[in-house]
Amino acid sequence: MARRELPERTCVGCRKRAPASELLRVVAVGDEAGQTSLRPDPARRLPGRGANMHPNPACFAQAVRRRAFGRALRLAGVPDHGALAEHVDAQPPTTGQPDRSRVASKVGRPT
């Protein structure tokens, strides 16, 4: 019996490919006033087009800075990302993505 490959997706923040199970799916939800907001979809069940990102603050910040959510979700305006920011900040650090805040330096160390 042939082994099935896991589906891979690209993170909109760091642009690295990873299995879909390691990434957080994000969808755009509109309200009555015409405002669009980004919502996390950890169960991957909400309808509509989705974008994927690593669930860590570094990838989220990079995606917001590059305005990647608007392009990936094909949105005309700038979406509100408050709910998504709260969800990402509440997540514990993942082991799949390295923590870039603590970089080991060899400068000044004895050999």
Side-chain angles (χ1 to χ4, degrees):
M1 188 175 231
R3 293 178 60 191
R4 285 190 170 184
E5 294 290 325
L6 294 174
E8 283 193 343
R9 303 287 184 262
T10 302
C11 173
V12 294
C14 65
R15 305 291 300 154
K16 293 183 181 175
R17 294 187 59 81
S21 59
E22 292 179 10
L23 300 174
L24 174 67
R25 183 173 185 257
V26 178
V27 296
V29 178
D31 62 3
E32 300 84 30
Q35 298 292 327
T36 306
S37 62
L38 299 176
R39 299 290 164 94
D41 183 18
R44 307 180 84 75
R45 297 286 184 253
L46 291 176
R49 186 172 185 85
N52 296 282
M53 63 172 258
H54 289 104
N56 66 22
C59 285
F60 173 71
Q62 197 169 14
V64 169
R65 187 178 69 244
R66 291 180 40 239
R67 299 182 187 147
F69 290 114
R71 281 192 303 276
L73 298 172
R74 298 180 182 170
L75 301 173
V78 178
D80 175 35
H81 54 269
L84 182 59
E86 290 175 11
H87 181 81
V88 170
D89 288 338
Q91 295 293 317
T94 60
T95 58
Q97 193 70 357
D99 183 16
R100 298 178 197 274
S101 63
R102 291 182 262 154
V103 177
S105 176
K106 293 183 180 180
V107 177
R109 290 187 183 176
T111 55

**Item:** side-chain contact (heavy atoms from CB on, under 4.5 Å) partners of Ala68, counting only residues at least two apart
**Value:**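 If we apply the side-chain contact (heavy atoms from CB on, under 4.5 Å) test to Ala68, skipping adjacent residues, the hits are Val12, Ala63, Arg66, Arg71.
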Looking at every heavy atom in both [X] and [Y], which two are closest together, and how far apart are they?
X     : Y     : value
Phe69 : Leu75 : O-CD1, 4.5 Å
Ala20 : Arg44 : O-NH1, 3.5 Å
His81 : Leu38 : CB-CD1, 3.9 Å
Cys11 : Cys14 : SG-N, 3.5 Å
Arg25 : Gly48 : NH2-O, 2.6 Å
Pro55 : Glu22 : CD-O, 3.5 Å

Next on the checklist: Measuring from atom CZ of Arg17 to atom CG of Asn52, what distance do you get when rounded to the nearest 0.5 angstrom?
Outcome noted: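 One gets 10.0 Å once the value is rounded to the nearest 0.5 Å.
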Practice task
First locate atom OG of Ser21, then atom CZ of Arg9, and finally report the distance between them rounded to the nearest 0.5 Å.
Solution key: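 So the OG of Ser21 and the CZ of Arg9 are separated by 10.5 Å.
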Among Ile, Leu, Val, Met, Phe, Trp and Tyr joined by side-chain contacts under 4.5 Å, find the other residues sharing a cluster with Val29 and list them by chain and number.
->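 Hydrophobic cluster check, Val29: joined to Val27, Leu46.
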>> For Arg67, I'd like to know if atom CZ has over 12 heavy atoms of other residues, nucleotides or ligands within 6.0 Å.
In response: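 Open.
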task = Give a yes or no on whether Leu23 and Phe60 share a hydrophobic cluster (residues Ile, Leu, Val, Met, Phe, Trp, Tyr; joining criterion: side-chain heavy atoms under 4.5 Å apart).
result =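 Looking at the clustering, Phe60 is in a separate group from Leu23.
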How would you list, by chain and number, every residue that makes a ring-ring contact (aromatic ring centres under 6.0 Å, His included) with His87, sequence neighbours excluded?
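Checked His87 against ring-ring contact (aromatic ring centres under 6.0 Å, His included); zero matches.
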